[in-house]
Amino acid sequence: MDEQPRLMHSHGVGMAGHPGLAQHMQDGTAGTDGEGRKQDIGDILQQIMTITDQSLDEAQARKHALNCHRMKPALFNVLCEIKEKTVLSIRGAQEEEPPDPQLMRLDNMLLAEGVAGPEKGGGSAAAAAAAAATGGVGADNSAEHSDYRAKLSQIRQIYHTELEKYEQACNEFTTHVMNLLREQSRTRPISPKEIERMVSIIHRKFSSIQMQLKQSTCEAVMILRSRFLDARRKRRNFNKQATEILNEYFYSHLSNPYPSEEAKEELAKKCGITVSQLFVAVSNWFGNKRIRYKKNIGKFQEEANMYAARTAVNATSVSAHGSQANSPSTPNSAGEIQSLVLFSFRLTGGLSSP
DNA sequence: CATAATGATTTCCC
DNA sequence: GGGAAATCATTATG
């Protein structure tokens, strides 16, 4: 914004020292008194230079007076001449401005978080994932989700109103400056290129302000996000149903209780934990379960029998004969006993160390 | 309120 | 990078 006065100023100064001025003056009017002319010119220049110190009304009046001054066309010519000399340097100075990588990063982030994207519907990726997790067994933390979403949309709303405000201010200012330039073009030569340049300068300035807005919005989102994740990092016990699902898998795969990625995903879905960040909960569960089971198989025997019996019942209800499965001391089906033995064997290092 | 249970994190290893 | 083991931290329980 300080570019504009500087532009005017530099012209003023350059003009004062212009060697061709006197010549133009001479051309403009026939006169005999050279000293008087110089005095005259000095006056005009003085008036131009000090016009910014005056009140608006005064300046307006003086502007009009200067505009009607007999020497105005001559001055204008001089200015045109100066312009022709300086325009090259102006053209070289500007041009090319590669898209700011920082700005792009912010934009991408805001888009990814759903702050900058289309209104609602899909919303943020995180919010969508969170919403997905509200289905199924893990519906107990929906309060956190709605809280998160509410805060996010609040941020989003602030961001958009601010952005709109900036946009509007930018447009207003641009038209204002353009009007000013148009007005000034009556007294000094202004090329379309210059106006263009001015506009781009204004836009750059405003986009730097916008960048600050984006920056702070990003920060806010990050803070919200980290708080949200922190809150979820706090321990949250699986509910009964989820534990049963996990246990069922664990004990029916005792020989190899290492669910594949797909199996884990499936289990996570069944247990109602869909948020990608919490997908590891299943892995954690199995990690903990394996180590704790191995540490004290006896303690888990009852549990193991229970789940084994359950799957055995399921199996026998399909395959007519269930004679062995009913023994109270060995409720496991043959397959489960085998699994258990194999797993124990494996855990005690039976395979690797003789 | 002490203790057990249990989910999460860290460290180390392959 | 994934798993085992140890450990931390929170939640459930009596």
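Below, read A as the first sequence line, B as the second, and so on, with proteins coming before strands; counting in each chain starts at 1. Excluded from the calculations below are hydrogen atoms, water molecules and symmetry mates; all remaining heavy atoms, backbone and side chain alike, are included. Just so it is clear, the structure is predicted and the values come from calculations on it, not from any experiment.
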Determine whether more than 12 heavy atoms belonging to other residues, nucleotides or ligands lie under 6.0 Å from atom CG of A/D53.
yes

Under-4.0 Å salt bridge between A/K264 and A/E261:
yes

Give a yes/no answer on whether the side chain of A/R290 brings an N or O atom under 4.0 Å of OP1 or OP2 in C/dA4.
yes

Could you state the atom-to-atom distance from NZ of A/K264 to C1' of C/dG3 in whole Å?
9 Å

Checking A/Q54 against A/Q60 for the side chain to side chain donor-acceptor pair (under 3.5 Å) test, could you report, in this order, the C-alpha distance in whole Å, the side-chain angles of both residues, the deciding distance, and whether it holds?
CA-CA 9 Å; A/Q54 296 183 309; A/Q60 202 68 28; over 6 Å; no

Between A/N284 and B/dG7, is there a contact of a side-chain N or O with OP1 or OP2 at under 4.0 Å?
no

Could a donor-acceptor pair under 3.5 angstrom be found where the side chain of A/N288 meets the base of B/dA8?
yes

For the pair made of NZ in A/K299 and C1' in B/dA4, what is the distance, rounded to whole Å?
8 Å

Looking at A/H176, I want to see if its NE2 is surrounded by more than 12 non-hydrogen atoms of other residues, nucleotides or ligands under 6.0 Å.
no

Calculate the interatomic distance between A/N256 atom CG and C/dG2 atom C1'; express it in whole Å.
14 Å

Atom-pair distance (CG on A/N237; P on B/dA4), nearest Å:
17 Å

Can you check the A/Y293 OH to B/dG7 C1' distance for me, whole Å?
21 Å

Minimum-distance nucleotide (side-chain atoms of A/A281 versus B/dG7, B/dA8, C/dA4)
B/dA8

Looking at A/E244 and A/K270, does any basic side-chain N land under 4.0 Å from a carboxylate oxygen?
no

May I have the distance from A/F238 (atom CZ) to C/dA12 (atom P), rounded to whole angstrom?
14 Å

Looking at B/dA5, I'd like to know if its phosphate oxygens (OP1 or OP2) sit under 4.0 Å from a side-chain N or O belonging to A/K295.
no

With a 4.0 Å limit, can you tell me whether A/Y258 has a side-chain N or O closer than that to the phosphate oxygens OP1/OP2 of C/dA4?
yes

If I take atom CG in residue A/N239 and atom P in nucleotide C/dA12, what distance separates them, rounded to the nearest angstrom?
12 Å

Measure from the side-chain heavy atoms of A/R292 and tell me the nearest of C/dT11, C/dA5, B/dA8.
B/dA8

State which of C/dT11, B/dA8, C/dA5 makes the closest approach to the side chain of A/K294.
C/dA5

For A/K289, report the nucleic acid contact type (base, sugar-phosphate, nothing); a contact means any heavy atom under 4.0 Å.
nothing

Whole angstrom is fine here: how far is it from CG in A/L246 over to P in B/dG7?
8 Å

